[in-house]
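Written out below as structure tokens is the structure these notes cover.
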Amino acid sequence: VILPDSIRIIEEEAFSECGNLENVLLPKNLKSIGRDAFSHCTKLTSIYIPESVETLSSRIFMGCESLREFKGGLASEDGRTIIYDNGIYAFAPAGLTEYRLPEGAKRIIKQVFAECNNLTSVTIPAGYDRIGRESFYGCTSLESVIIEEGVYQIDILAFANCTSLMSVYLKTNRPPRIHNSTFAKYYNDTYDSDFIGCDFYVPGGLVVEYQRAEYWKEYKEHIHSYNFE
């Protein structure tokens, strides 16, 4: 697909589920890309995002399992993510099982890593302050997560249905705010949720604080001291 330079807006779901789409040339004056615009384009491997873009939505490239690279000024140094307004808006998952998010961003937007079923390990570096709603929802192979200093909030369903998750390492100096569905087995038909059963490893001096914090106290027996030195 080659879009003419007269195009300013790509509406939501514009190319969603175009399963044979391999190449897209976006217009140089593009201003906005809507929700699910290219979601589940399973043969798309690379795309250039023009710096003219001013508005991005969630799930733009969700389910693009062959996507390996973003190009352009909004791409991270490794080409694996799109960073806009200090947020991670998209992820190119192909070929990756372990991933350390790029430095410089501050938050993860809703559903960016959702259903990336090849990921087994993720590190969120210092400087991030928020992990958005359903950020890693349904990453069924994810086994370990390292969250470094700075995160103050992990939103609803952020790690829900990560059924292989065993260990979450939190280097934070205080318990982040969470919800009772943040680490849940979530049943869409009944809206019920059960704890997925992972263990949390926190700095030794914060164990009691975690065990007393809202929602964390429900996982009291799963919170352990860990030496991060």
Side-chain angles (χ1 to χ4, degrees), residues 32-36 39 49 53-62 70 74-78 80-93 96 98-116 119 121-139 142 144-162 165 167-184 186 193 195-196 198 200-203 206 209-210 212-219 222-223 226 228:
S32 176
I33 306 177
R35 174 185 169 96
D36 281 303
S39 65
I49 308 296
V53 171
E54 298 175 350
T55 303
L56 292 172
S57 298
S58 62
R59 300 168 50 107
I60 296 172
F61 296 98
M62 183 177 176
F70 295 110
L74 300 183
S76 57
E77 186 174 349
D78 63 2
R80 288 289 184 167
T81 63
I82 293 175
I83 302 176
Y84 176 75
D85 192 27
N86 293 318
I88 301 293
Y89 273 82
F91 176 57
L96 289 179
E98 300 179 358
Y99 188 62
R100 180 182 176 89
L101 274 65
E103 310 283 346
K106 292 184 177 181
R107 62 189 184 280
I108 305 171
I109 304 303
K110 178 180 178 181
Q111 297 179 317
V112 170
F113 297 89
E115 299 180 11
C116 290
L119 281 178
S121 176
V122 169
T123 299
I124 300 170
Y128 283 74
D129 55 28
R130 187 166 186 172
I131 301 174
R133 177 177 178 138
E134 300 175 48
S135 294
F136 295 90
Y137 184 96
C139 290
L142 188 63
S144 68
V145 176
I146 299 173
I147 300 174
E148 297 183 352
E149 181 57 53
V151 171
Y152 73 89
Q153 183 160 327
I154 308 175
D155 285 344
I156 294 172
L157 301 171
F159 293 95
N161 291 350
C162 292
L165 187 60
S167 304
V168 179
Y169 299 88
L170 296 126
K171 298 183 180 182
T172 58
N173 59 13
R174 58 179 178 176
R177 293 197 297 269
I178 62 171
H179 188 268
N180 63 0
S181 69
T182 298
F183 298 95
Y186 183 66
S193 60
F195 178 46
I196 56 178
C198 60
F200 303 99
Y201 298 91
V202 305
L206 294 180
E209 187 174 349
Y210 268 88
R212 292 176 177 174
E214 186 176 17
Y215 297 122
W216 287 107
K217 60 186 176 184
E218 298 178 16
Y219 314 134
H222 292 266
I223 297 173
Y226 190 83
F228 287 102

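Computed from a predicted structure; not experimentally measured. Values reported hereafter were calculated over all heavy atoms of this structure, with side chains retained and with hydrogens, waters and symmetry mates removed. Residues take their numbers from the sequence shown, with the count starting at 1.
- Contact of the L56 side chain with the I109 side chain is not registered, since no non-hydrogen atoms from C-beta on lie closer than 4.5 Å.
- Counting all heavy atoms, side chain and backbone alike, F70 lies closest to A92 at CE1-N, 3.6 Å.
- Considering only residues two or more places apart in sequence or on other chains, Y89 meets the side chain to side chain donor-acceptor pair (under 3.5 Å) condition with none of them.
- Once rounded to the nearest 0.5 Å, the distance linking CE of M62 with SG of C116 reads 8.0 Å.
- With rounding to the nearest 0.5 angstrom, the OG atom of S181 is 5.5 Å from the CD1 atom of I156.
- Across all non-hydrogen atoms, the minimal contact from L206 to N173 is CD1-C, 3.5 Å.
- Contact of the F91 side chain with the L119 side chain is registered, since non-hydrogen atoms from C-beta on lie closer than 4.5 Å.
- Here the straight-line distance linking atom CG of N180 with atom CD of E214 works out to 9.0 Å at 0.5 Å rounding.
- Shown here for L142 and C162, the closest heavy-atom pair between the two residues is CD2-SG, 4.2 Å.
- The backbone N or O of P125 lies less than 3.5 Å from no partner atom in the side chain of T123, so there is not a single donor-acceptor pair.
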message: One pair to check against ring-ring contact (aromatic ring centres under 6.0 Å, His included): Y210 and F200. What are the steps and the verdict?
response: CA-CA 10 Å; Y210 268 88; F200 303 99; 8.1 Å; no

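- Within the 4.5 Å cutoff, side-chain heavy atoms of D78 are placed close to those of Y99.
- Using a 4.5 Å heavy-atom threshold, the side chains of E77 and P102 count as separate.
- Applying the side chain to side chain donor-acceptor pair (under 3.5 Å) criterion to N161, with sequence neighbours excluded, gives Y137.
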message: If you apply the rule side chain to side chain contact (heavy atoms under 4.5 Å, CB included), what do you find for I147 with I131, and how did you get there?
response: CA-CA 10 Å; I147 300 174; I131 301 174; 3.9 Å; yes

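- Considering only heavy atoms from C-beta on, L101 comes within 4.5 Å of I108 through its side chain.
- Checked by atom type and distance alone, the side chain of W216 never pairs as donor or acceptor with a backbone atom of E209 at under 3.5 Å.
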task: Could you check Y219 against V168 for side chain to side chain contact (heavy atoms under 4.5 Å, CB included), going step by step and ending with a plain yes or no?
output: CA-CA 12 Å; Y219 314 134; V168 179; over 6 Å; no

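- Here the NZ-OH distance, from K171 to Y226, works out to 8.5 Å after rounding to the nearest 0.5 Å.
- Applying the salt bridge (Lys or Arg N to Asp or Glu O under 4.0 Å) test to every pair with at least one member in residues 129-139, sequence neighbours left out, gives these pairs: R130-D155.
- For T182, there are no side chain to side chain donor-acceptor pair (under 3.5 Å) partners two or more places apart in sequence or in a different chain.
- Listed by first then second residue, pairs satisfying salt bridge (Lys or Arg N to Asp or Glu O under 4.0 Å) with a partner in residues 99-111 read D85-R107, R100-E103, R100-E148, not counting sequence neighbours.
- Taking 4.5 Å as the limit, some side-chain heavy atom of I88 sits within range of a side-chain heavy atom of Y128.
- Under the side-chain contact (heavy atoms from CB on, under 4.5 Å) rule, L74 has a single partner from I83, T81, I82, which is I82.
- For F159, the ring pair (Phe, Tyr, Trp, His ring centres under 6.0 Å) partners two or more places apart in sequence, or in a different chain, are F136, F183.
- Minimum heavy-atom separation, S193 to A184: CB-CB, 3.6 Å.
- Nearest approach of R212 to K217, heavy atoms of both residues: O-CD, 4.1 Å.
- No side-chain heavy atom of V122 sits less than 4.5 Å from a side-chain heavy atom of F113.
- Put simply, OG on S121 and CG on L165 are 10.0 Å apart, with the number rounded to the nearest 0.5 Å.
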